[in-house]
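None of the values given here were measured: they were computed from a predicted structure. Below, chain A is the first sequence line, B the second, and so on; all start at residue 1.
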Amino acid sequence: MEWIADWLFIIPLAPLVAAAVNFLLGRWWIRDRAHWIAVPAVGISFLASIPAFLAVARQHGPLTQHLYTWIPAGDFQVPVTLYVDQLTAVMLLVVTGVSFLVHLYSVGYIDGDSGYHRFFAYLPLFVFSMVMLVLASNFLVLFVFWEAVGLCSYLLIGFWFRRRSAADAAKKAFIVNRIGDFGFGIGVMLLFVTLGTLNYAEVFERVETLSAGTVTAIALLLFTGAVGKSAQVPLFVWLPDAMEGPTPVSALIHAATMVTAGIFMVARTHPIFVASPTAMLVVAIVGAITAFIAATIAVTQYDIKRVVAYSTVSQLGYMAIALGAGAWIAAIFHLFTHAFFKALLFLGSGSVMHGLHDELDMRRMGGLKRYMPLTYWTFLIGAAANAGILPLAGFWSKDEIIVGAWVAGYPVIALIALAAAFFTSLYMFRAVFMTFHGEERFDRAHLHPHDPPWTMSVPLVVLAAGAALAGFVGVPPEQGWFHHLLEPVFEGTAHHEVSPVTTLAFGAISTVIALAGLYAAAAAYVLGAISPAAVAERLGPLYRLAYNKWYFDDIYQRLIVEPARGFATFLWRQIDVGIIDAAVNGAASLVVWTSQLWRRAQTGLVANYVLAIALGTVIIVGAYLVAGSNLFR
Amino acid sequence: MAIEVLIFYLLAGVAIAAAAGVVLARNPVHSAVSLVLSFVNVAAIYVMLRAEFLAVAQIIVYTGAIIVLVLFVLMLVQQQDLPEFHGGRPLRRAVGFLLGLALLAEVAAAILTRSLRGAPGSWTPEAVAAVGGNIQAIGRELYSVYMLPIQATALLLLAATIGALFLARPELIEERLAIARRLFTISLAHPRGVDPLQPVAELPAPQDGQLKLAGGDRALVMARSAEEFTEQPAWGEIRR
Amino acid sequence: MDWEALIISYLFGFVLLNVLLLLMAYMTWFERRLVAFFQDRIGPNRTGPFGLLQPIADAVKLISKEDIVPANADRLIFLVAPLLSFVLAPLGALVVPFGESITLFGRQINLYVIDINVAALYFLAVGSMGVYGIILGGYASGNRYSLLGALRSTAQVISYELVLGLSLVGIFILTGSLSLVEILRAQQRTLVLGGLELPNWFILSQPLAFVLFLIAAVAETNRAPFDLPEAETELIAGYFTEYSGFRFSFYFLAEYINMIVVSLIAATLFLGGIDGPFADGIWWLAAKAFIFLFFYVWLRATLPRFRYDQLMGLAWKVLLPLALINIGMTGLVRLWGIGAL
Amino acid sequence: MSELTTAHFLFLSAALFIIGMVGVLTRRNVLIIFMCVELMLNAVNVSFIGFAWEQNALTGQIFALFVIAVAAAEAVIGLGIVMALSRRLDTVDIDEVRQLRE
């Protein structure tokens with residue numbers, strides 16, 4: 001398998017070529033055949049990732065391939081080198097695998113859209129960017145593709161750009177991400193200023209030489225980037241709006257590419273975070289708040305995709321908790337399992353939408369179990385996995401995170417995470433029950449729900465299998481195959497011993513909590529024992545708080561957007577029009593005025609111009625002769 | 001006096017006389033014929049200067065193509081409209097001749113006092129003969145040292161061809177340009193759509209259940225196709 | 001340059017000119033007879049045996065006719081234009097080699113007037129000058145039909161000039177020289193095709209160029225089926241409508257001399273010129289040129305005239321691309337031959 | 001001057017150039033002005049080739065070759081403009097074309 005070290009470039013190249021071909025030729029030649037290129041290309045990428053993974057797993061050492069030197073500026077060398085260690089290998093499998101399934105799904109989903117070729121140009125470009133982000137061996141390359149991922153998400157969220165809401169959502173995603181990226185960029189610059197290098201290996205080697213304050217600053221700035229990309233509080237607002245993009249894009253963003261980038265980045269740069277306990281604590285706290293807030297919001301939403309979206313935010317919060325608690329492997333493990341069930345949930349809701357002609361509101365669904373059995377069962381598996389029901393994938397990884405937080409000495413955070421787990425289970429099963437159980441609340445006269453075509457159902461089945469089984473690579477907890485695989489990467493970080501008793505205890509607790517959530521959902525939406533409306537009434541302000549997403553958007557609107565707009569208006573009215581334009585216009589008027597004097601010389605007669613030229617020639621030649629220039633002697 | 005000098009004076013005299021004829025002839029066709037005569041004599045002088053290839057190029061390009069084209073245009077343009085030479089502008093004529101005389105005096109002085117000479121080149125007559133003649137020598141020089149300029153010249157001629165076509169048939173070129181623009185532009189997202197802040201009633205009428213309320217009671221317009229909201233195709237868009 | 005060689009060259013040129021004139025005269029007879037046979041007629045057969053004295057009778061008749069100058073003609077140009085045509089026509093023959101050299105009166109005499117290293121281009125240059133006789137004649141007549149004929153001719157000759165020149169580039173690439181003597185020498189080698197040993201005539205290695213040259217040459221000499229400038233049925237004889245007497249005969253002469261010169265050049269460039277067994281080279285050259293002349297007459301007797309747009313379309317859309325393809329292919333083969341590919 | 005020197009060719013060049021210049025200055029017909037410009041270009045070529053002959057260098061000849069190529073391009077565009085001019089304004093008199101003033 002070692003031969004793959006020379007062929008690593010295939011992994012990013014295949015999607016790039018697909019993107020380029022569809023981009024350049026798509027409009028007038030490829031059109032509806034765009035998937036003929038894109039799907040196999042991402043497939044190739046996935047197939048090439050497998051030997052890379054096997055090689056890394058077998059030899060326990062990283063693979064590198066130097067492609068070229070991007071910036072050779074004296075001492076400052078930025079090589080583009082592909083770097084695959086265990087962490088990257090896992091990410092590669094997740095990214096390319098999920099992306100491939102999403103591509104396959106998209107063939108059926110986007111079929112017939114006038115932007116078909118455009119979609120299949122952006123999608124591989126997204127995969128390329130993410131793969132390069134994962135493969136980077138250097139902060140600058142990482143940053144470039146960090147931005148490229150942002151750009152692709154902008155393009156894809158705004159794919160239906162004729163819809164104002166989609167265009168706005170795309171802009172929102174881009175701008176919110178830019179805020180995080182700004183911090184990230186400063187962090188990278190700070191690294192370069194203090195250490196003089198941007199290569200991972202050298203940075204991690206020298207990070208100990210820095211003062212505690214500097215490391216904390218760098219770590220927090222880097223984490224700002226992760227907050228933006230991975231949708232943590234307070235920058236998570238873009239992710240639910242990103243639902244405006246086509247559903248496969250949501251699946252891609254939520255499961256494989258975009259949002260995992262932040263988690264991956266923190267894990268990748270863990271030596272920096274390990275050097276700063278303060279930063280670790282901040283990460284854990286932000287994660288806990290995110291997990292809880294997002295879970296509560298998800299409970300109150302009616303838009304099926306938004307429920308799943310807030311669920312993503314919440315799960316990303318869990319990953320951040322793990323990162324902050326130093327349970328690195330648990331974070332990656334959750335990322336890995338989450339990719340399966342989150343992609344599954346999105347594709348599942350996509351096929352619900354497909355069956356119901358783009359219906360999104362769960363209040364107008366119900367009883368779909370009978371019409372779309374395949375979608376139902378796969379969605380159920382995904383939901384159960386997300387809710388952490390034993391023995392599905394989510395249970396193992398989430399449980400490990402909570403245990404990790406507990407043993408790392410963050411009991412409060414562990415408790416918050418447990419509370420969030422209850423809400424997770426509640427909103428997940430709420431979604432299942434509202435959508436698939438109960439009476440049919442959709443317009444049965446016009447809508448005939450049905451399971452989707454094979455290109456869409458195959459990914460569902462594959463992902464459902466993954467969601468059910470992926471957890472077992474990490475069994476038994478803390479000692480699983482997955483942990484042994486990733487251990488070399490996180491060698492040398494403090495490792496808290498976990499006693500089997502703790503593990504078992506927390507396993508039992510979270511199972512109970514998950515089942516409690518399941519029961520609550522069933523009671524409210526299937527058995528009818530509880531009236532959701534009455535509960536909402538009782539909770540009053542708390543319910544409204546959650547329903548309005550904790551007023552984050554409104555606060556931003558009031559505190560940032562409106563003052564910024566006001567300031568911009570001031571600049572426009574006063575500075576731009578009053579001073580700059582006035583100066584420019586004044587200069588122009590001056591020119592006009594002086595030109596009025598000179599225009600008399602313009603007779604419009606070519607003959608006169610020619611005469612002037614000839615006169616000039618005679619004078620210049622004469623001047624040369626008289627001045628005794630050496631032109632002629 | 002050597003025979004070469006005699007031949008030179010003969011050729012140069014005819015060339016100059018013919019050139020004067022270009023300026024003096026009333027009829028532009030006579031001017032053109034004079035110009036041909038002048039060019040042919042200059043070409044003969046090129047032969048004397050060991051530039052056989054240029055002599056032939058001069059005849060083929062200048063007399064064989066350019067002046068023929070001038071004649072062509074002369075005949076297409078209405079003959080009656082050709083302005084007379086002595087168009088009642090004696091001042092301009094006088095100034096022109098004066099300037100010409102002044103320049104001639106200056107250049108003559110420059111030629112006669114000239115002393116600056118560059119280093120002699122390596123293409124002696126023997127060296128030229130060694131590679132097979134003038135044309136081979138020029139070929140070697142042209143396609144090694146002057147590779148880039150000759151490519152640029154090719155480009156210039158192409159541009160001139162297109163320019164001439166544009167001057168002659170603007171509508172033809174514009175049609176092609178429009179097609180090319182449509183086919184080869186790559187457009188990124190170009191937001192054009194429906195404002196969600198508008199009241200629902202003012203939105204386009206729902207077509208086939210396409211308009212609906214999404215979660216959060218927000219008006220969501222599902223516009224999968226361009227036709228729904230835009231009368232005009234987006235810039236560069238091809239409708240299916 | 002020594003005086004002796006110069007005088008010999010002049011003498012040879014003089015002889016050549018006279019031979020050309022004689023040949024031209026009998027070319028008219030030959031054409032009339034042949035076309036008559038093609039059309040199942042007899043043709044001129046009264047003047048002398050087989051009508052052989054007919055050209056002389058024609059010449060006498062033309063010279064003794066009245067020389068008419070139209071009232072609104074541009075007189076000077078009207079008088080000069082046919083002379084121009086007539087003078088330029090035989091100039092091309094000066095570079096045709098009629099053999100290597102012979103010894104006459106104890107003196108080495110080259111059987112060509114001049115051997116310049118731009119001979120082929122010189123032939124093209126003289127050809128491009130020939131158009132002036134037509135365009136000036138058409139213009140000077142002060143007659144719309146003549147002007148139209150002249151304009152047509154201009155466009156046609158410029159277009160086909162290009163094809164004519166480009167069709168020869170393949171030969172230049174293969175010989176590495178523009179001198180007709182060099183080209184002739186290159187054809188005296190043998191071309192081995194498989195087991196077959198053939199003379200290295202360029203008709204074999206440049207068949208496409210040969211066809212292009214042939215077509216372009218016919219157009220260049222304004223002969224049927226490309227004789228649009230003088231189309232009797234549309235332009236009442238085009239640019240020489242107003243000409244009469246011996247001025248008319250100059251145009252007439254020029255056309256036939258052009259044919260002969262082009263045939264000689266074609267025979268030299270593509271058919272190995274003087275190359276051939278048993279007999280002196282000059283007879284071979286004559287025989288080969290005769291083939292072309294026969295071909296000319298045959299074409300005239302057989303093909304109808306092109307429409308004008310077809311004519312221009314053929315030159316720019318068919319022949320020119322083919323010529324470029326031929327150049328590209330020849331270049332590639334040549335590079336492959338010297339091992340650069 | 002019993003032998004040919006560069007001065008001969010330079011004088012020829014100067015004479016042709018100045019004749020061309022005078023033509024440009026005095027004539028009104030666009031086409032004749034055009035021909036005079038060609039004459040000036042050709043005069044410059046004579047200088048180039050004369051210098052090349054004097055210095056045993058090919059640079060002058062090659063420069064002249066480029067001048068011929070550029071002259072061809074100029075002829076194509078120039079004549080195209082003349083055609084457009086006569087079609088639009090129905091004149092080729094340079095004194096009647098005064099759009100440059102606007």
A.B. asks: Could you tell me which portion of B/Phe72 (side chain, backbone, both or neither) has an atom closer than 4.5 angstrom to a non-hydrogen atom of chain D?
C.D. replies: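 Neither; nothing under 4.5 Å.
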
A.B. asks: Give a yes or no answer on whether the side chain of B/Gln58 reaches the backbone of B/Val42 with a donor-acceptor pair at less than 3.5 Å.
C.D. replies: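 Side chain of B/Gln58 to backbone of B/Val42, a donor-acceptor pair under 3.5 Å: no, none is there.
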
A.B. asks: Testing the basics here: between B/Leu74 and D/Leu31, what is the closest heavy-atom pair and its distance to 0.1 Å?
C.D. replies: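 Shortest heavy-atom separation between B/Leu74 and D/Leu31 comes out as CD2-CD1, 3.5 Å.
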
A.B. asks: Do you know which two heavy atoms are closest between B/Ala55 and B/Ala43, and how far apart they sit?
C.D. replies: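 For B/Ala55 versus B/Ala43, the nearest heavy atoms are CB-O, 3.3 Å.
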
A.B. asks: So which part of D/Glu74 gets closer than 4.5 Å to some heavy atom of chain B, the side chain, the backbone, both or neither?
C.D. replies: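 No part of it gets close to chain B.
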
A.B. asks: Can you tell me which portion of D/Val46 sits under 4.5 Å from chain B's heavy atoms? Options are side chain, backbone, both or neither.
C.D. replies: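 Both the backbone and the side chain of D/Val46 come within 4.5 Å of chain B.
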
A.B. asks: Among B/Val145, B/Val128, B/Thr161, B/Ile150, which has the most heavy-atom pairs under 4.5 Å with chain D?
C.D. replies: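 Highest number of heavy-atom pairs under 4.5 Å: B/Ile150.
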
A.B. asks: Mind listing the closest non-hydrogen atom pair of D/Gly23 and D/Cys36 along with its distance?
C.D. replies: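 Answer, listing the atom of D/Gly23 first, then D/Cys36: CA-SG, 3.6 Å.
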
A.B. asks: Among B/Ala51, B/Ala152, B/Ala127, B/Gly163, single out the residue with the greatest number of heavy-atom pairs under 4.5 Å to chain D.
C.D. replies: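 Most pairs with chain D among the choices: B/Ala51.
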
A.B. asks: Checking heavy atoms, do the side chain of D/Met21, its backbone, both or neither come under 4.5 Å from chain B?
C.D. replies: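 Looking at D/Met21, just its side chain touches chain B.
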
A.B. asks: Heavy-atom pairs under 4.5 Å with chain D: which of B/Leu157, B/Leu103, B/Val22, B/Val107 has the most?
C.D. replies: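 If we count pairs closer than 4.5 Å to chain D, B/Leu103 comes out on top.
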
A.B. asks: Not counting sequence neighbours, which residues clear side chain to side chain donor-acceptor pair (under 3.5 Å) with D/Gln61? List them please.
C.D. replies: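 Once residues adjacent in sequence are excluded, the partners of D/Gln61 under the side chain to side chain donor-acceptor pair (under 3.5 Å) criterion are B/Asn134.
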
A.B. asks: Contact part of D/Ile33 toward chain B, heavy-atom cut-off under 4.5 Å: side chain, backbone, both or neither?
C.D. replies: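 Neither part; nothing is under 4.5 Å.
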
A.B. asks: Under a 4.5 Å heavy-atom cut-off, does chain B meet the side chain of D/Ser13, its backbone, both or neither?
C.D. replies: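 Neither part; nothing is under 4.5 Å.
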
A.B. asks: Picking from B/Leu165, B/Leu104, B/Leu101, which has the most non-hydrogen pairs under 4.5 angstrom with chain D?
C.D. replies: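 Among B/Leu165, B/Leu104, B/Leu101, the one with the most close pairs to chain D is B/Leu104.
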
A.B. asks: Who among D/Ala52, D/Ala84, D/Ala71, D/Ala57 has the most heavy-atom pairs with chain B under 4.5 Å?
C.D. replies: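 Most heavy-atom pairs within the cutoff with chain B belong to D/Ala71.
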
A.B. asks: Please rank B/Ser31, B/Ala159, B/Ala164, B/Ala65 by heavy-atom pairs under 4.5 Å with chain D and give me the top one.
C.D. replies: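 That would be B/Ser31.
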
A.B. asks: Are side-chain heavy atoms of B/Tyr146 and D/Phe66 found at a separation under 4.5 Å?
C.D. replies: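 Yes, their side chains come closer than 4.5 Å.
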
A.B. asks: Name the member of B/Ile67, B/Thr153, B/Val95 that forms the most heavy-atom pairs with chain D at distances under 4.5 Å.
C.D. replies: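 Ranked by contacts with chain D, first place is B/Thr153.
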
A.B. asks: Considering only heavy atoms, which portion of D/Ile32 lies under 4.5 Å from any heavy atom of chain B: side chain, backbone, both, or neither?
C.D. replies: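 Only the side chain of D/Ile32 comes within 4.5 Å of chain B.
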
A.B. asks: Give, as side chain, backbone, both or neither, the part of D/Ile18 having an atom under 4.5 angstrom from any heavy atom of chain B.
C.D. replies: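 Side chain of D/Ile18 only, per the 4.5 Å heavy-atom cut-off to chain B.
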
A.B. asks: Non-hydrogen atoms of chain D under 4.5 Å away: do they reach the side chain of B/Ala32, the backbone, both or neither?
C.D. replies: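 For B/Ala32, heavy atoms of backbone and side chain both lie under 4.5 Å from chain D.
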
A.B. asks: List for me each residue that meets side chain to side chain donor-acceptor pair (under 3.5 Å) alongside D/Trp53, sequence neighbours excluded, and say none if there are none.
C.D. replies: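 Listed in chain order: nothing, the list is empty.
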
A.B. asks: Quick one: what part of D/Phe9 sits under 4.5 Å from any heavy atom of chain B, side chain, backbone, both or neither?
C.D. replies: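 Both the backbone and the side chain of D/Phe9 come within 4.5 Å of chain B.
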
A.B. asks: For D/Val70, which atoms come within 4.5 Å of any heavy atom of chain B: side chain, backbone, both, or neither?
C.D. replies: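 Answer is both: backbone and side chain atoms of D/Val70 are under 4.5 Å from chain B.
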
